[in-house]
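Computed over heavy atoms, backbone and side chain alike; hydrogens, waters and symmetry mates excluded. On a predicted model such as this, the values are computed, not experimentally measured, just so you know. In what follows, every chain begins at residue 1, and chains take the letters A, B, ... in the order their sequences are listed.
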There are 2 protein chains.
Amino acid sequence: MVVRAEALDATFAALADPTRRAILARLAQGEATVTELASPFQMSQPAISKHLKVLERAGLISRGRDAQRRPCRLEARPLKAATTWLASYRDAWEESFQRLDDLLDELKREEEG
Amino acid sequence: MVVRAEALDATFAALADPTRRAILARLAQGEATVTELASPFQMSQPAISKHLKVLERAGLISRGRDAQRRPCRLEARPLKAATTWLASYRDAWEESFQRLDDLLDELKREEEG
DNA sequence: TAGTTTCATAACCTACTGGTTTTATACCGC
DNA sequence: GCGGTATAAAACCAGTAGGTTATGAAACTA
């Protein structure tokens, strides 16, 4: 998978905010409207709308239409691209830390067990 | 692996800059001094020093001492933590995109083949 | 000792981020 | 059409990010 630098810039920058990561975590459970996404936070609604715009421009979410509501859906592609980029450092990790394989195997075991 | 939110903030923010990603790519090949790291860029040396400070505070690099030189080394732990975080979205990805397993298997195949 | 190399720090500038409040837009139900 | 609901947009503000130049400090070299 070839990923342009600006795409990674936008993805990582979007992921660097805890509010946005929490929004993504919520969306991993399924679609949600802006109000639903805003409710757990003390922030104002426009602040959430700004975060959603950041996520949308990074391609991490897409938005539909349902009357006044704009349901948001998680988009996987940039997350996968980020993972691919990180995976290219696996060899360096193995040198300095431990094998990613262990992690992946562990994840697989969790999935199957 | 439990990762504090601030750690992920710092890691993803550090990865959101192409210069810093390029520095990490260079360091994946092995240790390098500040001047060596700066040479591929048109930027001033202090700019590189700032980037290195960001990487260091994110725990992505560590620095030694060799006379006047401050050799930098890649540190894997935060990269692994970021990968772990991304991996927790795998189920959502599979729904909306395709199985991460395919990617991982492909990477394994590349490694072994 | 003096000069050179390596790197960091300080001060500064511009642009962007992340929040606010206020206002506008679009759609629904009555 | 009118009031309520859902969301976006505008204007504003403080803080931070990423660059610059100029300067300083530490350690080698002659």
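Qualifying side chain to side chain donor-acceptor pair (under 3.5 Å) partners for B/R65, counting only residues two or more places apart in sequence or in other chains: none. With sequence neighbours left out, the side-chain contact (heavy atoms from CB on, under 4.5 Å) criterion links A/Q45 to A/S49. Every residue two or more places apart in sequence or in another chain was checked for a side chain to side chain donor-acceptor pair (under 3.5 Å) with B/Q42, and none qualifies.
Residues A/L15 and A/L24 form a side-chain contact, since some pair of their non-hydrogen atoms from C-beta on lies under 4.5 Å apart. Residues A/T11 and A/W85 fail the side-chain proximity criterion, which asks for heavy atoms closer than 4.5 Å. At a threshold of 4.5 Å between non-hydrogen side-chain atoms, the residues A/D9 and B/R21 count as touching.
Among residue pairs with one or both ends in residues 55-64 of chain B, those qualifying as salt bridge (charged side-chain N to carboxylate O under 4.0 Å, His left out) are B/E56-B/R63; sequence neighbours excluded.
Of the residues in residues 59-72 of chain A, those placing a heavy atom less than 4.0 Å from an atom of DNA chain D are A/R63, A/Q68, A/R69, A/R70, in numerical order.
Between A/L52 atom CG and C/dG18 atom P the separation is 13 Å, expressed in whole Å. If you take CG of B/D9 and P of C/dG18, they are 10 Å apart, rounded to a whole angstrom. D/dA6 atom C1' lies 16 Å from atom CD of A/E31, rounded to whole Å. For the pair B/F12 CZ and D/dA17 P, the interatomic distance rounds to 17 Å; values are reported in whole Å. One interatomic measurement links the two molecules: NZ of B/K53 to C1' of C/dA10, which rounds to 10 Å at whole-angstrom precision.
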At a cut-off of 3.5 Å, list every protein nitrogen or oxygen paired with a nitrogen or oxygen from nucleotides 18-24 of chain D, distance to 0.1 Å.
| from | atom 1 | to | atom 2 | distance (Å) |
| --- | --- | --- | --- | --- |
| D/dG18 | OP1 | B/R20 | NH2 | 3.1 |
| D/dG18 | OP2 | B/R20 | NH1 | 3.1 |
| D/dG19 | OP2 | B/H51 | NE2 | 2.1 |
| D/dG19 | N7 | B/K50 | NZ | 3.1 |
| D/dG19 | O6 | B/K50 | NZ | 2.2 |
| D/dT20 | OP2 | B/S44 | N | 3.0 |
| D/dT20 | OP2 | B/S44 | OG | 2.6 |

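One finds no salt bridge joining A/R77 and A/E75 here, because no Lys/Arg side-chain nitrogen approaches an Asp/Glu carboxylate oxygen to under 4.0 Å.
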